[in-house]
Amino acid sequence: ETSGQPCVPCIGSKYLGMTACDDPDAGDNIAVLMDLIKPLKEKNGPTVATGLMKRKSTALGTGLPVTKMMKKKRAINLDNNNLLGKIPSSIWRLPYLEELTVSRNIVSMDLTRVGQANTLRYLDIRQTIVALLNGIGKIGSSMQVLRADRTDIGGRIPEDLYELENLQFLSLSECGLSGELHDAIGNLTELHELYLYGNQFRGQIPESIGNMQKLRVLSMASNSFTGTLPESLNDMPRLRALSLADQRAKGGTGIGGPLISFPSNKQLFMISLKNNIIEGGIPNDFLQSAATDRFYSIDLGGNLLTGNVPGTLARFDQMEIFLEDNQFSQVDSTLCDKQNWMSGNVKEFGCDAILCPKGTVLAHGRREFEDLQCKDCTENTANAYFGRTVCGKGPIVMTERDSLIYFFQTCDGIKWTKKDNWQDEDQDICDWYGIECNDYGSVVSISLGANNVICTIPAELYNLPNLEKLSFHSNPGLVLGFEGIEHARKLQILHLDSTGMTSVSGISKARNLRQLDLRFNNLSGRFPAEIYSLVKLRDLLLSDNKFTGPLPNGFDKVTNLAALLLGNNQFTGTLPDYQHLPNLVFLDVSRNRLKGPIPTTLMKSVKTVPKSGETIFIDVSGNSLTGTVPQELQRLQNLQLHVKNNKFSAISEELCALDSWNKGDAAKYGCNGIMCPAGTYNEIGRQSSDDTPCEPCSIAKYMGSAECRPGMNAGGQRSVAWGTTLLLGAISLAAML
């Protein structure tokens, strides 16, 4: 009515002519909350709405009535609430909403209308199934905290996120984000903490990162960044913790160039740059402006740093500095008197607590315990650097290209049968003969079978971070030891058949192996118990060696085993029943020296009806097994059974009409489709066609004879198992790969 009494703003005023700002829309707000809870259900329990009503309409996660929540609490917290469903877009219409937490639930959310939530300052969608961040920038100036860790967003960071000019905390770790980090990241000048670790970012870290002058924590480890350390990191006065470690872990070449000295960073006390390719020396002015009387943690391990560890670092009273697997030639003696360094270990062990001397080795490249000392390497494996974690003369830190070139040169690659593009500087390593890579250009497979590779394969190949398959079959004279194989954490397939190898010592450390092929070698003695430690094995191929003693029967923990090939060895004793292997569908123990009957419980735990189209294969040919082929085997459908050249005297009649056995031959030819009767023979020991019946043979004493000559049934001919190699592939390899 007067100029001194204007209409004043009221965020809850929906209608004309309001005389009070007392939130007349409380009823509408309740309706929004009911929209929120209706589509959400508790997993294996009542709906959230049911629980809400039982609590007399208390605000979700607050314990307050809904109307009071809208006036006072201004927050919804549903963290880890066992929810399943979609958050409705109407949530953004709540006029006072400042904080929304739906983390650790199986819920999705559309952010395209988030601009309606103009008071929202905190959003936590960690470990949900929110698929896109598109629209996040519409929140505007109110947004201060965004947490979305372990949410499978993928792709690039949406550019409108860089418009959140007042954002103080951003965490998008392990979200599957990829591509290069945009220069616009520097627009987030109010950020205090930035977490982007565990994604798939690549390329150079932009210099604009230095625009974030208020940043205290920068964590971008375990990506695939390359280039060099941004110089702008030298001028971030509030930075306290920096982690850019492990840029080689996903196949990238890593961050290279020199180590910057951080001369102006007075508050920086935690730095992790391990497992990159940073080169040169540690600068003498490293952290020169930092206080000397506080604790520091510096991790520079696994790089290409050289020279001396400088004595200028002695100005720091307390420091944990990790320098293993670089190329340091000396540790300044003044550092060996820093009694508070390395958690007091320098007081106990002197310089060894910082780095083991050259020519020695220890698990972490330094001494930490009284009973574990730096150990001498052999003359052939001694090295010239301090702080090595493994013996060997090759450099520890190499790019994937460097590792392959080192392998090529060590193994006289110039004499290989095929070597297309190897060492060609203009060719990507993924185009080198025998090399396969993943989508990020990291080596996943090396296949150089029958390629005249005659050498001792360097253990450095095991350091390829994403290596899944090594195939060197049919290279007589090749030697592959297993020292260091534990570093190949993703190795699943190892083909070393027909190489002449004589030992598998150390194989137990390859804990992720799914397929091990060591056929046609010179392995001898009893079955190597180390193999029982490979609990993830699906295919174990050891045929055509010189093993003796009883058949292996310690696979109780190797429950995924699907194919076990032990044919053409010198195993003795009886046939185990392998009833504790529920996935075993391919068993070859042919051409050994086994005696006794076929166990009635043979492969008892295998599913009676195998997977669609899958065949169960059993070959016991060429032994001295006796008795009856037992009736109990009828539980195994789609069975191919090979029993020729043993000393069987009978077969259970119930087996002779099984239409799924031997590709229908049992139903078509009766018992002859499984074994020819005594007094007859067939080259495969049974009838498989109208043209190949069981022929009369008066000297065929036992059932299943494959020849008509004196002395038969005493070992037999080459097993048909090797005529069914493709069948093995269909049964097991395809299922695994």
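Keep in mind that this is a model prediction, so the values were computed, not measured. Only heavy atoms go into these numbers, but all of them, side chains included; no hydrogens, no water, no symmetry mates.
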Modelled atom types, side-chain donor and acceptor of [X] and [Y], under 3.5 Å:
{"X": "K418", "Y": "N451", "result": "no"}
{"X": "N623", "Y": "N592", "result": "no"}
{"X": "N522", "Y": "T502", "result": "no"}
{"X": "T600", "Y": "E632", "result": "no"}
{"X": "S688", "Y": "N662", "result": "no"}

>> Set out, in order, the CA-CA distance, both residues' side-chain angles and the distance that settles side-chain contact (heavy atoms from CB on, under 4.5 Å) for L566 and N545, then state yes or no.
In response: CA-CA 9 Å; L566 301 169; N545 278 283; over 6 Å; no
What closest approach, in Å, do [X] and [Y] show between heavy atoms, and which atom pair accounts for it?
{"X": "L491", "Y": "K469", "value": "CD1-N, 3.8 Å"}
{"X": "T680", "Y": "A700", "value": "O-CB, 3.4 Å"}
{"X": "L518", "Y": "V504", "value": "CD1-CG1, 3.5 Å"}
{"X": "G673", "Y": "R686", "value": "O-CD, 3.1 Å"}
{"X": "L494", "Y": "L480", "value": "CD1-CD2, 4.0 Å"}
{"X": "S660", "Y": "N638", "value": "OG-N, 3.2 Å"}

Could you tell me the separation between the [atom1] atom of [X] and the [atom2] atom of [Y], rounded to the nearest 0.5 Å?
{"X": "T559", "Y": "L537", "atom1": "OG1", "atom2": "CG", "value": "11.0 Å"}
{"X": "D659", "Y": "Q637", "atom1": "CG", "atom2": "CD", "value": "8.5 Å"}
{"X": "S224", "Y": "R248", "atom1": "OG", "atom2": "CZ", "value": "11.5 Å"}
{"X": "I454", "Y": "C411", "atom1": "CD1", "atom2": "SG", "value": "10.5 Å"}
{"X": "N682", "Y": "C708", "atom1": "CG", "atom2": "SG", "value": "12.0 Å"}
{"X": "N645", "Y": "S590", "atom1": "CG", "atom2": "OG", "value": "10.5 Å"}

>> Between T499 and N521, does the side chain to side chain donor-acceptor pair (under 3.5 Å) criterion hold? Intermediate values first, please.
In response: CA-CA 6 Å; T499 57; N521 281 302; 3.2 Å; yes
In the structure I gave you, are the side-chain heavy atoms of [X] and [Y] within less than 4.5 Å of one another anywhere?
{"X": "L564", "Y": "D588", "answer": "no"}
{"X": "I531", "Y": "L540", "answer": "yes"}
{"X": "L513", "Y": "I507", "answer": "yes"}
{"X": "I651", "Y": "C656", "answer": "yes"}
{"X": "I129", "Y": "T151", "answer": "no"}
{"X": "L602", "Y": "I618", "answer": "yes"}
{"X": "L448", "Y": "F407", "answer": "yes"}
{"X": "C430", "Y": "S442", "answer": "no"}

>> For W416 and F472, I'd like to know if the aromatic rings sit close, meaning centre-to-centre distance below 6.0 Å.
In response: no
>> For Y702 and F648, I'd like to know if the aromatic rings sit close, meaning centre-to-centre distance below 6.0 Å.
In response: no
> Q631 and S652: side chain to side chain donor-acceptor pair (under 3.5 Å), yes or no, with the steps?
Replying inline: CA-CA 5 Å; Q631 170 188 345; S652 296; 5.0 Å; no
> Does the side-chain contact (heavy atoms from CB on, under 4.5 Å) test come out yes or no for Y462 and F482, once each step is laid out?
Replying inline: CA-CA 9 Å; Y462 294 139; F482 300 115; 4.0 Å; yes
Donor-acceptor check, side chain of [X] to backbone of [Y], threshold 3.5 angstrom: yes or no?
{"X": "D431", "Y": "I429", "value": "no"}
{"X": "N560", "Y": "K536", "value": "no"}
{"X": "E400", "Y": "V443", "value": "yes"}
{"X": "S508", "Y": "E530", "value": "no"}
{"X": "D246", "Y": "A221", "value": "no"}
{"X": "W661", "Y": "L636", "value": "yes"}
{"X": "N646", "Y": "K644", "value": "yes"}
{"X": "S103", "Y": "R126", "value": "no"}
{"X": "N569", "Y": "T548", "value": "no"}

> Residues two or more places apart in sequence or in another chain: which of them pass side chain to side chain donor-acceptor pair (under 3.5 Å) with Q579?
Replying inline: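 Q579 satisfies side chain to side chain donor-acceptor pair (under 3.5 Å) with D577 once adjacent residues are dropped.
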>> Using the side chain to side chain donor-acceptor pair (under 3.5 Å) criterion, which residues pair with S689? Sequence neighbours excluded.
In response: T692
> Yes or no on side-chain contact (heavy atoms from CB on, under 4.5 Å) for N553 and F527, after CA distance, side-chain angles and deciding distance?
Replying inline: CA-CA 10 Å; N553 195 22; F527 179 85; over 6 Å; no
>> Enumerate the side-chain hydrogen bond (donor to acceptor under 3.5 Å, both in side chains) contacts for residues 471-490, please, sequence neighbours excluded, ordered by first and then second residue.
In response: N466-K490
> Does D539 pair with R514 as a salt bridge, N-O distance under 4.0 Å?
Replying inline: no
> Taking 4.0 angstrom as the limit, do R519 and D517 come out as a salt bridge?
Replying inline: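 Salt bridge flag = yes for D517 with R519.
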> What is the ring orientation for F555 with Y532, classed by angle as parallel under 30°, tilted 30 to 60°, or perpendicular over 60°?
Replying inline: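 It falls in the perpendicular class, over 60°.
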>> Is there a side-chain contact (heavy atoms from CB on, under 4.5 Å) between V589 and L551? Walk through the geometry before answering.
In response: CA-CA 9 Å; V589 293; L551 283 170; 4.0 Å; yes
> Counting only heavy atoms not in K509, do more than 12 sit closer than 6.0 Å to its NZ atom?
Replying inline: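 Yes, enclosed.
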